[in-house]
There are 2 protein chains.
Amino acid sequence: MAAGLALLAAGPLLGAADGEDVARLLLALAAILVAAKVLGELAERLGQPAVLGELIAGVLLGGGVLGIVPAEGAPGEVVRVLAELGVVLLLFEIGLETDLREMFRVGPASLAVAVVGVVLPFLLGYYYWVFVSHPASADATDPATAAVFIGATLTATSVGITARVLSDLGQMHAREARIIIGAAVIDDILGLVILTVVSGVAAGGPVSPLGIVRTLAVAVGFLVIAVLVGRFAMPRLFDLIVRMRVHYVLLVSAVAFAVGLAGLAAIAGSALIIGAFAAGLILSGTNQFDTIEHEVGPVASVFTPIFFVSVGASVDPRLLDPTNPAARGTLLIAGALIVVAVVGKLAAGWAAPWLKFRRLVVGVGMVPRGEVGLIFADIGRRSGVLTDEVFSAVLLMVMVTTFIAPPALKALLGAPSPTPEPPA
Amino acid sequence: MAAGLALLAAGPLLGAADGEDVARLLLALAAILVAAKVLGELAERLGQPAVLGELIAGVLLGGGVLGIVPAEGAPGEVVRVLAELGVVLLLFEIGLETDLREMFRVGPASLAVAVVGVVLPFLLGYYYWVFVSHPASADATDPATAAVFIGATLTATSVGITARVLSDLGQMHAREARIIIGAAVIDDILGLVILTVVSGVAAGGPVSPLGIVRTLAVAVGFLVIAVLVGRFAMPRLFDLIVRMRVHYVLLVSAVAFAVGLAGLAAIAGSALIIGAFAAGLILSGTNQFDTIEHEVGPVASVFTPIFFVSVGASVDPRLLDPTNPAARGTLLIAGALIVVAVVGKLAAGWAAPWLKFRRLVVGVGMVPRGEVGLIFADIGRRSGVLTDEVFSAVLLMVMVTTFIAPPALKALLGAPSPTPEPPA
């Protein structure tokens with residue numbers, strides 16, 4: 001692989017010498033897709049959502065076990081971008097399926113769920129680290145700074161995981177799904193604010209309240225302006241695009257819009273997935289909405305598994321081994337963080353008493369932290385605020401919350417929609 | 001952009017800090033897709049095939065004009081892999097549409113066309129460089145070595161361009177299309193052999209006849225064994241896969257097979273596109289062939305434009321400017337090479353006198369050199385055998401042959417299939 005990487009870096013314009021590296025990447029992609037489908041199928045046969053199988057496929061193919069998913073250098077970059085494309089297409093699909101009016105109806109509930117689900121885990125995590133005893137070796141700098149980071153890693157929700165489970169179970173149109181998706185999007189906006197704070201803390205500088213307000217304003221402003229302008233302009237534009245003759249012009253235009261708005265959101269200081277979700281919300285108002293949704297399905301189906309396998313691949317299964325003495329301190333801290341993470345988000349289900357919905361479903365739907373918690377933890381580790389021990393515990397917390405939500409949601413919501421076929 | 005690249009290289013595990021670079025890439029992708037469709041539409045409205053518009057979109061977005069298509073570093077790698085995915089999916093689709101029996105019927109004709117289309121341009125190019133006067137400044141080393149390279153760049157056919165044009169014109173099932181596709185695949189195999197020779201010449205070492213035979217055997221052997229084993233095993237495997245419950249399992253399995261066989265082909269010493277074409281040929285024998293073809297369409301439609309735009313982006317339009325004195329020597333050599341390239345491939349249309357077909361269509365279909373000629377030229381430039389002046393001339397020859405074939409084929413084959421709509 002090292003030779004391949006060297007070739008890639010110094011390769012000629014197009015092909016030959018670095019062809020072998022592209023070839024290895026394509027083989028890795030094939031392995032990712034096959035493993036995702038085989039383990040997804042296995043998960044479904046065992047009565048679990050397919051996404052759980054895809055995550056486990058990632059653990060198996062990741063650096064901790066088989067090492068098939070490239071994580072470093074240019075091949076790692078390529079897989080990361082393909083995974084991002086996958087989550088962008090997924091959020092775009094979710095946006096397409098989202099009824100904007102229904103979103104507004106559950107909006108206040110989503111806001112309440114999001115705020116409680118961010119504040120409560122943060123405070124619980126912070127006070128746990130400051131006041132409850134833990135292995136002293138786990139403190140790199142002063143405990144208060146570490147506590148801010150630990151609190152931050154507990155706040156974000158991975159909308160991708162929950163949305164896939166709800167979609168696998170045919171529940172995307174349930175009120176609970178709307179509340180969760182809305183709350184998760186708000187969570188991502190709050191996550192940007194928290195990211196500003198923790199990045200400031202990591203850099204050792206003071207965190208200005210003005211900076212926080214500015215981040216919040218940019219993220220909310222982008223979403224509001226994009227949806228307002230888009231809902232006005234895009235239906236008119238797509239009525240023109242549909243008159244074009246070139247093949248798949250609707251699909252390619254829609255994908256370009258989703259990918260472009262995602263990129264624009266990130267550059268404007270918001271998040272990729274907020275832009276992608278907004279693109280879906282906007283195009284759900286076009287007259288060509290059905291064709292777009294129908295044709296985006298196959299494209300998304302090829303790329304979303306790459307995202308979930310990538311998330312699984314970032315997990316090191318050795319952290320799970322209780323017979324490994326080095327893992328014990330990590331496991332203890334992780335256990336406490338998991339309790340805090342689950343309790344904090346479950347409680348968020350009861351944050352909107354004025355609306356009627358299955359509170360446990362919403363609480364469980366908010367539990368998975370996915371890759372968002374990993375970003376915070378990674379910044380903490382790289383800036384020296386978190387030790388490797390604590391970083392591993394956070395990783396384990398992210399992993400467990402991500403893995404328990406799919407089967408728990410499945411148990412709460414019942415059987416998936418497709419009818420089982422008799423085995424061969 | 002430089003700051004973005006630095007971020008990317010040192011970025012954290014997932015996201016935040018290198019998010020901006022991913023965002024820029026997604027914006028570039030959106031621009032590529034939009035430009036491809038807009039200029040594709042324009043080309044069709046002017047009575048030209050859409051692929052011509054996509055190539056021109058590439059020139060406009062490329063480093064020579066707007067510089068929007070990333071060419072270097074990790075973003076360049078990502079775009080290159082996405083482009084390769086595009087050409088892999090395109091060749092896979094072509095393989096799916098190919099009737100193996102009809103291929104065998106035209107096989108000898110394809111072989112004759114391919115051999116004449118390789119040998120004739122090579123000899124014409126070689127003798128032109130050795131015997132006809134050209135600017136002395138154009139010779140870096142001895143003229144004979146340069147002549148081998150120049151001959152080599154004239155041999156390969158870009159099946160992608162011609163296949164897209166034939167497909168745009170609804171002519172993929174014509175006998176001429178079969179002959180061209182077959183000959184282009186054989187050309188790619190012969191191209192591997194030539195690559196072995198020119199790489200040896202570039203390295204200054206002797207070229208062993210055994211090495212040449214071995215390359216040929218690997219390339220042919222891979223194709224034959226893959227198709228024989230695959231046509232037996234894959235229909236049985238896909239009869240099992242279709243019983244799985246997870247969403248889009250047929251499509252994702254088919255894409256994984258195409259991508260995997262492409263990678264395997266390249267690693268075995270054959271070429272990516274030969275593997276992808278073989279995968280299509282193989283799956284055209286499954287019972288689920290219709291579903292696969294139907295669902296691969298949208299996925300391919302998003303990625304093939306990235307390939308054609310990338311090919312266009314590798315062109316520097318300043319080479320085309322006759323008022324630029326530095327370009328004149330280049331233009332003179334390029335003019336001679338273009339004549340040789342067109343005459344050599346046109347003549348190949350008359351290589352199989354025993355079969356009845358439109359010889360001019362086949363000849364014109366073999367003309368585009370596309371990116372394959374660029375690989376040879378690039379090796380020559382990097383090894384110092386070709387001067388920048390000659391390299392630019394070869395680039396121009398590749399460019400012109402690639403650009404003239406679509407309108408010429410269109411003129412020979414008539415109107416495209418979709419019915420024109422009245423303008424708004």
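We name chains A, B, ... by the order of the sequence lines, and we start the count at 1 in each one.
- For the pair A/L82/B/L82, a side-chain contact is recorded, criterion being any heavy-atom separation below 4.5 Å from C-beta on.
- Within the 4.5 angstrom heavy-atom criterion, no atom of A/V79 approaches chain B.
- Between A/I267 and B/A23, the shortest heavy-atom contact is CG1-CB, 3.7 Å.
- Between chain A and the options B/A265, B/G297, B/A300, the largest number of non-hydrogen pairs under 4.5 Å is found for B/G297.
- Neither the backbone nor the side chain of A/I32 comes within less than 4.5 Å of any heavy atom in chain B.
- Taking the six-membered ring for Trp and the full ring otherwise, B/F303 and A/F303 have centroids separated by under 6.0 Å.
- Residues A/A256 and B/L33 approach most closely at CB-CB, 3.9 Å, considering heavy atoms.
- To the nearest 0.5 Å, the span separating CD on A/E77 from CG on B/L25 amounts to 8.5 Å.
- Within the 4.5 angstrom heavy-atom criterion, atoms from both the backbone and the side chain of A/V259 approach chain B.
- With a threshold of 4.5 angstrom between heavy atoms, A/I241 does not approach chain B through any atom at all.
- For chain A, the option among B/G40, B/G76, B/G263 with the highest count of heavy-atom pairs below 4.5 Å is B/G263.
- Counting only distance, with no hydrogens or angles, the side chain of B/K37 and the backbone of A/H247 share a donor-acceptor pair below 3.5 Å.
- Between A/L251 and B/S301 the shortest side-chain heavy-atom distance falls below 4.5 Å.
- For the pair B/L264/A/L26, no side-chain contact is recorded, criterion being any heavy-atom separation below 4.5 Å from C-beta on.
- With rounding to the nearest 0.5 angstrom, the CD atom of B/E41 is 4.0 Å from the CE atom of A/M244.
- Top candidate by heavy-atom pairs under 4.5 Å with chain A, chosen from B/V78, B/V296, B/L85, is B/V78.
- In terms of heavy-atom pairs under 4.5 angstrom with chain B, the leader among A/V252, A/V302, A/L29, A/L261 is A/V252.
- Considering all non-hydrogen atoms of both residues, A/A50 and B/V246 come closest at CB-CG1, 3.8 Å.
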